[in-house]
Amino acid sequence: MRTLGVEISGSEALLCMLTKEDDVFDIRDIRQRRFTLSNQGTELDEMRKFQFDFAKLVEDYGVDSIAIRQRPHKGKFAGSAAGFKMEAAIQLISGVDVQLLSGTEVKEQLKRNPIPVDYEDTGLKKFQEQAFINAYVYILRKTYGKEE
């Protein structure tokens with residue numbers, strides 16, 4: 001199972017690929033760790049290029065699923081317009097399972113199944129931490145179900 005964890009922050013999509021085979025997690029290196037959307041996604045061609053590039057990365061690495069942390073629509077931690085556009089562009093990529101994870105689900109899953117290694121030991125950049133957590137939680141959900 002190859003899962004691409006995505007954290008959307010402002011006008012950036014931060015990525016981390018995590019696989020699980022025979023109960024062993026593996027962090028895969030990918031050619032692009034972030035996608036940046038300039039001009040807040042106001043140009044049609046820019047959005048099409050973002051979606052094409054993202055879909056090409058998914059296809060090239062044989063990604064089965066994408067896990068994105070759901071952001072609130074209102075309030076202090078609300079997502080930006082560009083972020084919601086990127087989220088929609090990712091959800092519309094055909095041939096891949098795209099799931100939104102609620103903040104509560106992430107916290108509950110991490111409480112039940114803490115990450116077995118210190119994040120600093122993973123070799124990932126600091127900005128990839130939330131994307132890594134999203135992928136990890138989604139793999140746990142697929143493995144054990146939501147209620148486990």
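Just so you know, these numbers use all the heavy atoms, side chains as well, and skip hydrogens, waters and symmetry mates.
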**Request:** Return the orientation label for the Tyr136 and Phe25 ring planes: parallel under 30°, perpendicular over 60°, tilted otherwise.
**Result:** tilted

**Message:** Between Ser9 (side chain only) and Glu12 (backbone N and O only), is there a donor and an acceptor less than 3.5 Å apart?
**Reply:** no

**Asked** Judged by atom type as modelled, is there a donor-acceptor pair below 3.5 Å linking the side chain of Gln128 to the main-chain atoms of Lys125?
**Response** yes

**Asked** Got a sec, which residues hit salt bridge (Lys or Arg N to Asp or Glu O under 4.0 Å) with Asp45, two or more places apart in sequence or on another chain?
**Response** none

**Prompt:** Any side-chain heavy atom of Ile133 within less than 4.5 Å of one from Val106?
**Reply:** yes

Can you tell me how far apart [atom1] ([X]) and [atom2] ([Y]) are? Round to the nearest 0.5 Å.
X: Arg28; Y: Met17; atom1: CZ; atom2: CE; answer: 8.0 Å
X: Phe52; Y: Ile93; atom1: CZ; atom2: CD1; answer: 11.0 Å
X: Thr19; Y: Ile27; atom1: OG1; atom2: CD1; answer: 9.0 Å
X: Met86; Y: Ile90; atom1: CE; atom2: CD1; answer: 7.0 Å
X: Leu124; Y: Leu14; atom1: CG; atom2: CG; answer: 12.0 Å
X: Met1; Y: Lys20; atom1: CE; atom2: NZ; answer: 7.0 Å

Can you name the side chain to side chain contact (heavy atoms under 4.5 Å, CB included) partners of [X], sequence neighbours left out?
X: Lys49; answer: Asp53
X: Ser94; answer: none
X: Glu87; answer: Ile8, Ile68, Arg71, Phe84, Gln91, Leu100
X: Asp29; answer: Arg33

Where do [X] and [Y] come nearest, in terms of heavy atoms and distance?
X: Gly5; Y: Asn134; result: CA-CB, 4.5 Å
X: Ala13; Y: Val6; result: CB-CG1, 4.2 Å
X: Ala135; Y: Cys16; result: CB-O, 4.3 Å
X: Leu92; Y: Gln51; result: CB-NE2, 3.5 Å

Find out if a path of hydrophobic residues (ILVMFWY) with successive side-chain heavy-atom gaps under 4.5 Å connects [X] to [Y].
X: Val24; Y: Val117; answer: no
X: Leu4; Y: Phe50; answer: yes
X: Leu101; Y: Tyr119; answer: yes
X: Phe127; Y: Leu18; answer: no

**Item:** Test item: side-chain donor near acceptor, Gln109 and Asn113, under 3.5 Å
**Value:** yes

**Prompt:** Regarding Arg141 and Gln99, is there a side-chain donor-to-acceptor distance under 3.5 Å anywhere?
**Reply:** yes

In residues 58-66, what donor-acceptor pairs under 3.5 Å come from side-chain atoms, sequence neighbours left out?
from, atom 1, to, atom 2, distance (Å)
Asp60, OD1, Lys56, NZ, 3.3
Asp60, OD2, Arg31, NH1, 3.0
Asp60, OD2, Arg31, NH2, 3.0
Tyr61, OH, Arg31, N, 2.9
Asp64, OD2, Arg2, N, 2.8
Ser65, OG, Thr3, OG1, 3.0

